[in-house]
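Scope of the values below: all heavy atoms of this structure, side chains included, with no hydrogens, waters or symmetry mates.
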Amino acid sequence: MPENNELQKALAQADHERRIVELERDMKTIKPIVYDTSNSVRQIEKSVEKMEQNSDKIKGYFLAAAISGVVGIVFIALQNSIFGG
């Protein structure tokens with residue numbers, strides 16, 4: 001019986017070591033993927049920031065165009081009422 005117990009311990013140890021080797025191999029495979037994904041996320045964050053900044057600029061341009069249009073319409077209305085156009 002003690003021989004059987006020793007065999008079971010040896011098999012368990014061998015299985016444990018095999019699993020460690022597999023985990024180390026998996027880590028080597030996964031690590032670059034994680035780094036690439038992290039870098040991609042950073043690039044996406046930067047792109048989103050730039051898009052938000054551009055969006056703010058575009059909103060400003062539309063607001064300026066709208067104000068210019070309103071001022072132009074008011075100016076034309078005043079011109080017509082003053083000069084009876």
Among residues at least two apart in sequence or on other chains, which ones pass side-chain contact (heavy atoms from CB on, under 4.5 Å) with K59? S55, D56
R25 side, atom CZ; I30 side, atom CD1 - distance, nearest 0.5 Å: 10.5 Å
R18: what forms a side-chain contact (heavy atoms from CB on, under 4.5 Å) with it, not counting sequence neighbours? D15, E22
Not counting sequence neighbours, which residues clear side-chain contact (heavy atoms from CB on, under 4.5 Å) with V48? List them please. I44, M51, E52
Check whether any side-chain N or O of S38 sits under 3.5 Å from a backbone N or O of V34 as a donor-acceptor pair, and report yes or no. no
Only counting residues at least two apart or in another chain, list the ones meeting side-chain contact (heavy atoms from CB on, under 4.5 Å) with I33. T37
Other cluster members, Y35 - Ile/Leu/Val/Met/Phe/Trp/Tyr, side-chain contacts below 4.5 Å: none
Would you say the side chains of Q13 and E17 form a donor-acceptor pair under 3.5 Å? yes
Please answer: with hydrophobic residues joined when any side-chain heavy atoms are less than 4.5 Å apart, are V71 and F62 in the same cluster? no
Going by salt bridge (charged side-chain N to carboxylate O under 4.0 Å, His left out), name the pairs with one or both residues in residues 33-48, residues two or more places apart or in two chains. none
